[in-house]
Amino acid sequence: MDGDTLYSIGELARRTGLTVKTIRFYSDRGIVAPTDRSPAGYRLYDIDAVARLDLVRTLRELGLDLPTIRKVVDRELSLPEVAAAHAEALAVQIRVLRLRRAVLTAVAERGSTPEETELMHRLAQLSEDERRRLTGDFLDAVFGGLDAAPAFAGVMRSMTPELPDNPEAEQVQAWVELAEMSQDPDFRARLRRMTEEQAAEQAAEQARSDTRGPRRDIAGVVRDQAGPALAAGIDPASPQADPIVAAFTAHYAHLLGRPDDVELRRRLATRLESVNDPRRERYLQLLAVVNGWPAPESLAPVLDWSVQALRARTQQ
């Protein structure tokens, strides 16, 4: 093609695939100005107009506005600078769309009321600082005054949700549900009681021992002792379960410095029922989704087995 050749709007439209109306629109706004006019007054364009129109079409498809496009084609703005700014703007839009999709999906699945939907929408739109304050308030309600102990400081960290910068829809949904749970006064109170009970158990053991280092929570001990019995299909009320129950009640008796009697076994049953709160397990499941961790092991079956075994041996 001859670089001196001039083209009418119709010819330019055939070469670029744009409509005559669109080219005229860009021309009227000075984005692709005519090089000359025919004797009859029709606009004529040179070969550079083809390249400019191709660039304009690409930038429009990428979502840039016309004033910005004009600055780019006139070299008032560099294309890399514009591309970087626009990429960031698109990233923000993508995050917003993901949040909206997550809220709408949750509404559809949960059959939420308008009030619940409004709450979910508000929680999903919290900034990172606002999310941290909300989480910090919850963790302070559960661990406040106890978090100085290394064990509890570690537990606090393990219960802290960290929503990534570009979360998947499932992570946003999990965060919203988790945030709702963390605002439930009854759930907070239940976790606080569990934490205080664990702190009291650790203090009792510490007062009787010079042993240093982390101490195992009673729920973990029960899991290790009763898990194999559950897997083996042993009836919690059967005589075969007696040595398993004796093993973890002996540990609890040593933990508290008390005799392994009926009262202690009742206390342990109540303690395990508290730990077995379905909301606690749900919180840990949601936490794993938000933080991208593997799904946690469910303690519910082994705790159910252990409580049944204890109740069967403490009935009057």
Side-chain angles (χ1 to χ4, degrees), residues 109-110 142 151-152 154-156 158-161 170-171 173-174 177-178 180-182 184 186-202 205 214-256 260-316:
E109 292 178 350
R110 296 167 55 177
V142 175
F152 286 108
V155 173
M156 279 186 66
S158 71
M159 292 185 66
T160 302
E170 294 78 10
Q171 290 176 299
Q173 292 176 51
E177 185 178 344
L178 188 150
E180 288 180 295
M181 289 181 65
S182 72
D184 182 347
D186 183 67
F187 179 57
R188 288 187 175 204
R190 176 63 66 91
L191 289 184
R192 178 68 186 188
R193 286 194 297 272
M194 278 190 256
T195 304
E196 290 174 342
E197 288 170 350
Q198 184 177 352
E201 292 165 1
Q202 292 187 358
E205 186 181 17
R215 288 168 168 76
R216 299 183 64 203
D217 177 73
I218 185 59
V221 173
V222 169
R223 176 197 60 205
D224 293 345
Q225 296 285 349
L230 174 65
I234 295 176
D235 186 336
S238 70
Q240 289 88 343
D242 286 343
I244 294 105
V245 175
F248 62 70
T249 56
H251 180 93
Y252 196 55
H254 176 75
L255 191 70
L256 298 182
D260 182 2
D261 54 17
V262 170
E263 184 58 35
L264 179 130
R265 293 186 175 200
R266 286 176 179 161
R267 174 172 176 170
L268 178 55
T270 300
R271 175 87 162 89
L272 296 179
E273 285 174 336
S274 177
V275 175
N276 203 24
D277 187 327
R279 293 173 298 179
R280 174 183 174 276
E281 184 162 300
R282 181 59 178 164
Y283 182 95
L284 296 178
Q285 292 171 342
L286 294 170
L287 182 68
V289 174
V290 171
N291 288 357
W293 296 341
E297 174 191 5
S298 174
L299 290 179
V302 74
L303 292 177
D304 286 338
W305 188 96
S306 303
V307 170
Q308 291 176 39
L310 288 166
R311 294 301 186 197
R313 288 160 176 78
T314 56
Q315 292 176 351
Q316 293 288 341

Student: Which pair of non-hydrogen atoms, one from Leu287 and one from Ser158, has the smallest distance, and what is that distance?
Tutor: CD2-O, 2.9 Å
Student: When you look at Thr249 and Arg313, which way does the side chain to side chain contact (heavy atoms under 4.5 Å, CB included) test go after all the steps?
Tutor: CA-CA 12 Å; Thr249 56; Arg313 288 160 176 78; over 6 Å; no
Student: Hey, are the side chains of Tyr283 and Pro296 touching, using non-hydrogen atoms and a 4.5 Å cut-off?
Tutor: no
Student: Rounded to the nearest 0.5 Å, how far apart are OG1 of Thr195 and CZ of Arg188?
Tutor: 12.5 Å
Student: Walk me through whether Val142 and Met159 qualify under side chain to side chain contact (heavy atoms under 4.5 Å, CB included).
Tutor: CA-CA 11 Å; Val142 175; Met159 292 185 66; 5.7 Å; no
Student: Using side chain to side chain contact (heavy atoms under 4.5 Å, CB included), reason through Gln225 and His251 one step at a time and then give a plain yes or no.
Tutor: CA-CA 10 Å; Gln225 296 285 349; His251 180 93; over 6 Å; no
Student: Under 3.5 Å, is there a donor-acceptor pair between the side chain of Ser274 and the main chain of Thr270?
Tutor: no
Student: Can you name the closest pair of heavy atoms from Arg311 and Ala269 and give their distance?
Tutor: CZ-CB, 3.5 Å
Student: Specify the closest pair of heavy atoms between Gln171 and Val289, including all atoms of both residues, with the distance to one decimal.
Tutor: CG-O, 3.3 Å
Student: Looking only at heavy atoms, which two atoms of Asp224 and Pro228 are closest? And how far apart?
Tutor: O-CD, 3.3 Å
Student: Say whether, by atom type as modelled, one donor and one acceptor occur between the side chain of Arg266 and the main chain of Thr314 under 3.5 angstrom.
Tutor: yes
Student: Below 4.5 Å, heavy atoms only, C-beta onward: do Arg280 and Val275 meet side chain to side chain?
Tutor: yes
Student: Identify the two heavy atoms, one from Ala312 and one from Ala237, that lie closest to each other, and give their separation to 0.1 Å.
Tutor: CB-CB, 4.0 Å
Student: Nearest 0.5 Å please: distance from the CG atom of Asn276 over to the CE atom of Met194.
Tutor: 9.5 Å
Student: Locate the shortest heavy-atom distance separating Pro161 from Val290; write the atom from each residue and the value.
Tutor: CB-CG1, 4.1 Å
Student: Would the distance check show the side chain of Tyr252 and the main-chain N or O of Val222 forming a donor-acceptor pair, the cut-off being under 3.5 Å?
Tutor: no
Student: Output the distance between atom CD (Glu281) and atom CD (Gln285), rounded to the nearest 0.5 Å.
Tutor: 5.0 Å
Student: CG of Leu255 to CD of Gln198: how many Å apart, nearest 0.5 Å?
Tutor: 9.5 Å
Student: State the CD-CZ distance between Glu197 and Arg271, to the nearest 0.5 angstrom.
Tutor: 5.0 Å
Student: Could you give the distance from CG (Leu310) to CZ (Arg265), rounded to the nearest 0.5 Å?
Tutor: 7.0 Å
